[in-house]
Structure formats: structure tokens, C-alpha cells
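Below is one structure, written out as C-alpha cells; comments come after it.
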Amino acid sequence: NVLCGASRPGHFDGVSTVVCKLFNMVAPDIAVFGQKDLQQLLIIRRMVADLALPIVVVGHPTTRDTDGLAMSSRNTYLDDVQRAIAPLLFQTLSEIATAVRDGSREYVALEKRALSTLEGAGFDPDYVEIRRPYDLAKATATDKEVAIFGAARLGETRLIDNVVVAAG
């Protein structure tokens with residue numbers, strides 16, 4: 001019910017159902033999911049644990065283009081101008097990560113500044129939020145590691161990304 005789940009009600013119910021059916025048909029020992037959609041990865045891990053499925057769920061690091069944009073089939077929907085702007089999502093999340101690594105715990109202010117940056121560049125942000133990377137709860141000043149999540153539309157294309165960082 002948070003992040004993408006809040007803006008896409010029922011989406012993860014469908015994802016979980018489809019993945020569970022696939023797991024039941026294939027009976028894998030290991031399943032690899034990209035960390036670009038960290039929320040989905042966590043939900044799949046939780047489903048596997050809740051259903052006691054004998055599967056190890058591995059997160060694969062996000063594959064990025066040379067400019068930092070997370071690789072996704074959705075990127076093909078971006079026109080040339082949008083494609084040039086798109087890496088700003090990762091850059092903005094990375095700037096928050098640097099601030100957090102350097103000791104900032106002004107999470108709400110960092111989120112608001114990031115939203116403003118994205119809006120100013122032509123994005124229609126859904127969210128930028130700093131959360132715990134293992135349960136998606138809002139991050140607190142005492143958390144040792146945080147995940148900075150972002151989702152925004154650029155034209156008709158919805159882009160998502162995240163950065164996990166040790167809090168300094």
C-alpha cells in the first residue's frame with residue numbers, strides 16, 4: 001500500500017499471483033529479480049517466505065546505461081528530448097544518497113527538494129521517498145541503511161528507480 005502500491009492499487013496482488021503460479025509450474029531453486037524495482041523484489045521475497053516456498057530469491061543490481069538511467073523496456077517510449085532528461089531521476093536520488101551518507105537526516109526536506117527538481121525538469125513525479133530497504137517503512141534518523149525511491153512520469157512513460165545507501 002506504499003510507493004508504487006499506493007498509486008497502482010492491486011498491481012502487486014497481480015504480480016504476486018502471476019509469480020506464484022510461475023513458481024508452482026517451474027519449481028525453481030533460485031529466482032533472480034532486478035533491484036530496479038526493489039519494492040517488487042521485497043514483495044516477492046515476502047511471498048516466498050509467507051508461503052514457505054523452497055526458493056532462494058536473489059536481487060540483481062540495477063543495470064544502467066552510461067548516463068545512469070536504469071535500463072528498462074519502458075525507455076523505448078521516451079522521445080529524444082525525454083531520453084536526455086530521464087537520467088535526472090537517478091541523479092536526483094543519488095544526490096539524496098550523498099546527503100544521507102554525509103549525515104543528513106532531514107528526510108522530508110530532501111524529498112521535497114527532489115520533487116521540486118524533477119518537476120522543474122519536466123517530470124510529473126509520483127513520489128520520492130526515503131524508506132527502510134527491508135520493510136519499506138519510513139526511514140528514521142536511527143536507521144543504518146535507507147533506500148531512496150523515486151517514480152515519475154516523463155511524458156507518458158512512468159520511470160522508477162532507487163538507491164540504497166548506508167546512513168553516515
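In what follows, every heavy atom counts, from backbone to side chain, and hydrogens, waters and symmetry copies are set aside. Every value quoted in this text rests on a predicted model; they were computed, and no experiment measured them. Start at 1 with the first residue, then count along the sequence.
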query = How long is the span from the CD1 atom in Ile96 to the CD atom in Gln91, to the nearest 0.5 Å?
reply = 12.5 Å
Distance-minimising heavy-atom pair for Asn75 and Ala70 = ND2-O, 3.0 Å
ask   = In Å and rounded to the nearest 0.5 Å, what is the CG to OG distance from Asn1 to Ser7?
value = 11.5 Å
Val2 and Tyr127: CA distance, side-chain angles, deciding distance, side-chain contact (heavy atoms from CB on, under 4.5 Å) verdict = CA-CA 10 Å; Val2 300; Tyr127 59 80; over 6 Å; no
For residues 109-120, run the donor-acceptor check on the side chains, cut-off 3.5 Å, and write out each pair with its distance to 0.1 Å, sequence neighbours left out.
unit_1: Glu111; atom_1: OE2; unit_2: Ile130; atom_2: N; d: 2.8
unit_1: Thr117; atom_1: OG1; unit_2: Arg113; atom_2: O; d: 3.0

Distance-only criterion, 3.5 Å: show the donor-acceptor pairs between side-chain atoms of residues 16-29 and protein atoms not counting sequence neighbours.
unit_1: Ser16; atom_1: OG; unit_2: Phe12; atom_2: O; d: 2.9
unit_1: Thr17; atom_1: OG1; unit_2: Asp13; atom_2: O; d: 2.9
unit_1: Asn24; atom_1: ND2; unit_2: Cys20; atom_2: O; d: 3.3

query = What heavy-atom pair brings Ala152 and Pro125 nearest, and what distance separates the two atoms?
reply = CB-CA, 3.6 Å
remark   = CD of Glu129 to CG of Asn162, rounded to nearest 0.5 Å, is 12.5 Å
key: Gap separating the CG atom of Leu38 from the OH atom of Tyr134, nearest 0.5 angstrom   = 13.0 Å
inquiry  = Could you walk me through whether Ile148 and Val165 satisfy the side-chain contact (heavy atoms from CB on, under 4.5 Å) test, starting with their C-alpha distance in whole Å, then the side-chain angles of each, then the deciding distance to 0.1 Å, before giving a yes or no?
reply    = CA-CA 8 Å; Ile148 301 106; Val165 61; 3.7 Å; yes
key: Residue pairs involving residues 142-152 (criterion salt bridge (Lys or Arg N to Asp or Glu O under 4.0 Å); sequence neighbours excluded)   = none
note = Here the salt bridge (Lys or Arg N to Asp or Glu O under 4.0 Å) pairs for residues 68-90, sequence neighbours left out, are Asp65-Arg83, Asp67-Arg83
ask   = Can you name the side chain to side chain contact (heavy atoms under 4.5 Å, CB included) partners of Ala86, sequence neighbours left out?
value = Leu69, Leu78, Leu154, Leu159
request  = Name all residues meeting the side chain to side chain donor-acceptor pair (under 3.5 Å) criterion together with Thr66; count only those two or more places apart in sequence or in a different chain, and write none if there are none.
outcome  = none
request  = Indicate if Val164 and Leu93 have the same hydrophobic cluster label, given that clusters are the connected sets of ILVMFWY residues with side-chain heavy-atom separations under 4.5 angstrom.
outcome  = no
Ile85 to Phe123 - nearest heavy-atom pair and separation = CG2-CE1, 3.6 Å
note = For Lys36 and Ser72, the nearest pair of non-hydrogen atoms, with its separation, is CE-CB, 3.8 Å
message = Can you list, by chain and residue number, the hydrophobic cluster partners of Val56 when the side-chain cut-off is 4.5 Å?
response = Ile30, Val32, Val58
key: Pairs involving residues 90-109, ordered by first then second residue, that meet salt bridge (Lys or Arg N to Asp or Glu O under 4.0 Å) (sequence neighbours left out)   = none
message = I'd like to know whether Tyr77 forms a side-chain contact (heavy atoms from CB on, under 4.5 Å) with Glu156, so could you lay out the CA-CA distance, the side-chain angles of the two residues, the decisive distance to 0.1 Å, and finally the verdict.
response = CA-CA 8 Å; Tyr77 298 118; Glu156 296 299 313; over 6 Å; no
ask   = Under a 4.5 Å side-chain heavy-atom rule over Ile, Leu, Val, Met, Phe, Trp and Tyr, are Leu41 and Ile160 clustered together?
value = no
Sequence neighbours excluded, every pair satisfying side chain to side chain donor-acceptor pair (under 3.5 Å) that has a member inside residues 41-52 = Arg46-Asp50
Contact list for residues 158-168, test salt bridge (Lys or Arg N to Asp or Glu O under 4.0 Å), sequence neighbours left out = Arg64-Asp161, Asp126-Arg158
ask   = What do the steps show when you test Leu3 against Leu136 for side-chain contact (heavy atoms from CB on, under 4.5 Å), and what is the final call?
value = CA-CA 9 Å; Leu3 303 171; Leu136 304 180; 4.1 Å; yes
query = Is there a side-chain contact between Tyr107 and Val100 (heavy atoms, below 4.5 Å)?
reply = yes
remark   = NE2 of His11 to CD of Gln40, rounded to nearest 0.5 Å, is 6.0 Å
inquiry  = Among residues at least two apart in sequence or on other chains, which ones pass salt bridge (charged side-chain N to carboxylate O under 4.0 Å, His left out) with Arg132?
reply    = Asp135
